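Here's the structure we're looking at; comments come further down.
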Amino acid sequence: MSITKPSIPKGTRDFSPDEMNKRNFIFDTLREIFKKYGYQQIETPAMENLSTLLGKYGEEGDKLLFRILNSGNFLEGFEPDDLASVELNQLSSYICEKGLRYDLTVPFARYVVQNRNEITFPFKRFQIQPVWRADRPQKGRYREFFQCDVDVVGSNSLLNEVELIQIIDEAFNRMNVRTVIKINNRKILSGIAEYIGEPERIVDITIAIDKLEKVGWERVQEELFQRGLAEGAINELKSIVQVLDLNNIEKLDFLEKVLFASESGLTGVKELRTLFEYLEILSIKTPVEIDLTLARGLNYYTGAIFEVKALDVEIGSICGGGRYDNLTGIFGLPDVSGVGISFGADRIFDVLNQLEGYPPDASQSTQVLFVNFGEKEELYCLPLVQKLREKGIKAELFPGNQKMKKQMSYADAKKIPFVAMVGETEMTNGTISLKNMVTGEQAAILFDELILKLSV
RNA sequence: GUGGAUGUAGCUCAGCUGGUUAGAGCGCUAGAUUGUGGUUCUAGAAGUCGCCGGUUCGAACCCGGUCUUUCACCCCA
């Protein structure tokens, strides 16, 4: 067997202890907040049956699914000729029956339907797990990344939308990331599609206007035309979408007038009005703005659509979600409405890295290292270290009687703030020589003093 | 899936129009300092120049392919 250069698959990453400290800061913060609002954690398997996954994310999504080759002789019954003639896609459906999860929402829907008899509705759940997409990696985009989902299913109340905005607000404030929450409503988009006389083309319309901010109206117009929309409809669309300068209430007033003939459009406007009424009595620090160009890729949103953008870093959205009225319907449980958002932990990680917005102690691990001077000293220090740990102090005894220099360097490399030295002299005196690794000061103190010094 | 860039020591990068033993800084190891890290000084180890093939007397350098990383498009956290 030849030695191969160690490597990891495209689009995946290792995380060092230092990076894990930072990532855990994100996960811990989110988990704590989710729990505070009454959400319960679940996990689902990394792999799902392909039948659960396929067709849920559109044609594009199917292509990006990682498929898992069946074990055993998966080619049994195939002749070489068959392999040459059969379509690649078809072939994979014969030899793969499992795939890696693509997001957390669809597995959650599956979970809800499968466990509907055990679940008390409304069901508030959160889920922090990796997902996989066979996408081509680029900036802020990985093949393996973590999503942190919070959803409520089984409740139509707009209170849920409000609560999710509160969660977003609190989360990014705690993480010191300045953001803006963009919000839209699928019903308004439907209303607009009705208004311009193209009610069937809502998907084409939303995909095109989603790019407005990025490429400008000219290009959007072109794309709409290519997608076969009538010129008159495009012009009417323009007059509606380009109300960017208005504030939220003005936008709603405007839409209410324009969409008077569309029942769904008016419902959407009303929903947003209610939402803003609630938001007003809560002190939300993050700006929330209505963005009619916000459409998002997934087709299953039916009401509110959210997206959160970092203000100080160019990285796309770091959190997104919306309401989906009938997600569980495809698994045989109709009329269960859900609303949820997903925090993109890896992008938040990238943002925090660029802003250096971690709390200063986020990388500190061990508080005190005991230098190992030999066998007698080991026996003397071991119980001391144990006592410190019982007090909740992170302590370690260097494994092995290595050169002092080596042991000190170890403490230095690990950024351990204190080194305790107990040799013959200290054992006789019953003291500990404690060195502060930041200031370089050193003093002989008693063990009880050490405990006091390290307890916070 | 389409198009562009990239790959040289553990890391960040030099390396002239192709020319003989491929360099630096940081890091690492050892010593100065056998109970003191981080600073300083001295010495040392370390590279199939991503991989495969081609052109050439000669390739890190030119050409083709392939893989990696990265940027944009599509799409998306």
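Just the heavy atoms: all of them, side chains too, but no hydrogens, waters or symmetry mates, feed the values below. The structure presented is a predicted model; accordingly, all values stated were derived computationally and were not measured. Naming convention: chains lettered A, B, ... in sequence-line order (proteins, then strands); numbering from 1 in each chain.
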- Base, sugar-phosphate, or nothing for A:Val438, non-hydrogen atoms under 4.0 angstrom? base

- Message: Can you check the distance between B:A45 and B:G25, where both ends of the measurement are the P atom (answer in whole Å)?
- Response: 15 Å

- Message: By the salt bridge (charged side-chain N to carboxylate O under 4.0 Å, His left out) test, which pairs, at least two apart or in different chains, include something from residues 365-388 of chain A?
- Response: none

- Note on the structure: Residue pairs meeting ring-ring contact (aromatic ring centres under 6.0 Å, His included), one or both in residues 400-422 of chain A, sequence neighbours left out, come to A:Phe398-A:Tyr410

- Message: What I want to check is whether an N or O donor and acceptor connect the side chain of A:Asp412 with the base of B:G37 at under 3.5 Å.
- Response: yes

- Separation of B:C76 P from A:Lys63 NZ (nearest whole Å): 12 Å

- Message: Please classify the nucleic acid contact of A:Gly61 as base, sugar-phosphate, or nothing, using heavy-atom distances under 4.0 Å.
- Response: nothing

- Select base, sugar-phosphate, or nothing to describe what A:Glu377 touches, counting heavy atoms under 4.0 Å on all strands. nothing

- Look at the side chain of A:Gln407 against the base of B:G35 and say whether a donor-acceptor pair falls under 3.5 Å; ignore hydrogens and angles. no

- Whole-Å distance, A:Leu369 CG to B:G38 C1', equals 15 Å

- Heavy atoms of other groups near A:Gln442 CD, more than 12 under 6.0 Å: yes

- Message: At 4.0 Å (heavy atoms only), tell me whether A:Lys211 reaches a base, stays on the sugar-phosphate, or touches nothing.
- Response: sugar-phosphate

- Task: Quick one: pull up CG in A:Leu100 and CD in A:Glu48 and give me the separation to the nearest 0.5 Å.
- Result: 10.5 Å

- Rounded distance (Å) that lies between atom C1' of B:G35 and atom CZ of A:Phe398: 15 Å

- Tell me: CG of A:Leu64 to P of B:U2, nearest whole Å? 14 Å

- Message: So A:Glu441, base contact, sugar-phosphate only, or nothing? Heavy-atom distance under 4.0 Å.
- Response: nothing

- Where at least one partner belongs to residues 27-51 of chain A, residue pairs that pass ring-ring contact (aromatic ring centres under 6.0 Å, His included), sequence neighbours excluded: A:Phe27-A:Phe146, A:Phe34-A:Phe126, A:Phe34-A:Phe343

- Touch check for A:Ser342, heavy atoms < 4.0 angstrom, all strands: base, sugar-phosphate only, or nothing? nothing

- Between atom CD1 in A:Ile318 and atom P in B:A77, what is the gap in whole Å? 13 Å

- Item | Counterpart residues, side chain to side chain contact (heavy atoms under 4.5 Å, CB included), relative to A:Arg174 (two or more places apart) | A:Thr29, A:Glu32, A:Ile33, A:Lys36, A:Glu170

- Task: Measure up the A:Phe123 and A:Phe108 rings against each other and bin them: parallel (under 30°), tilted (30 to 60°), perpendicular (over 60°).
- Result: tilted

- Query: Within this structure, what is the CZ-to-P distance between A:Arg143 and B:C76, rounded to whole angstrom?
  - Reply: 17 Å

- Within this structure, what is the CZ-to-C1' distance between A:Arg219 and B:C74, rounded to whole angstrom? 12 Å

- Task: Starting at atom CD of A:Glu426, determine the distance to atom P of B:U36, rounded to an integer number of angstrom.
- Result: 13 Å

- With sequence neighbours excluded, residues passing salt bridge (Lys or Arg N to Asp or Glu O under 4.0 Å) with A:Asp28: A:Arg31

- Which of residues 399-406 of chain A have a heavy atom under 4.0 Å from RNA chain B? A:Lys403, A:Met404, A:Lys405

- Query: Under the side chain to side chain contact (heavy atoms under 4.5 Å, CB included) test, which residues partner A:Glu144, sequence neighbours left out?
  - Reply: A:Thr12, A:Pro130, A:Trp132

- Message: Using the P atom as the point on both nucleotides, what is the distance between B:A9 and B:G23, in whole Å?
- Response: 14 Å

Between protein and nucleic acid, restricted to nucleotides 67-72 of chain B and to nitrogen or oxygen atoms under 3.5 Å apart, what atom pairs and distances do you find?
unit_1, atom_1, unit_2, atom_2, d
B:U69, OP1, A:Gly11, N, 3.4
B:C71, OP2, A:Lys139, N, 2.6
B:A72, OP2, A:Gln138, OE1, 3.3

- Task: If a pair satisfies ring-ring contact (aromatic ring centres under 6.0 Å, His included) and one of its residues is in residues 423-456 of chain A, list it, with sequence neighbours excluded.
- Result: none

- Item | Gap in Å between the two P atoms, one belonging to B:C13 and one to B:U20, rounded | 26 Å

- Message: Can you say whether a donor on the side chain of A:Ser409 sits under 3.5 Å from an acceptor on the base of B:G38, or the other way round?
- Response: no

- Query: Hey, which of A:Arg323, A:Lys124, A:Arg125 is the one that makes salt bridge (charged side-chain N to carboxylate O under 4.0 Å, His left out) with A:Asp151?
  - Reply: A:Arg125

- Query: For A:Phe343 and B:A77, do the ring centres fall under 5.5 Å apart while the planes stay under 30° apart?
  - Reply: no

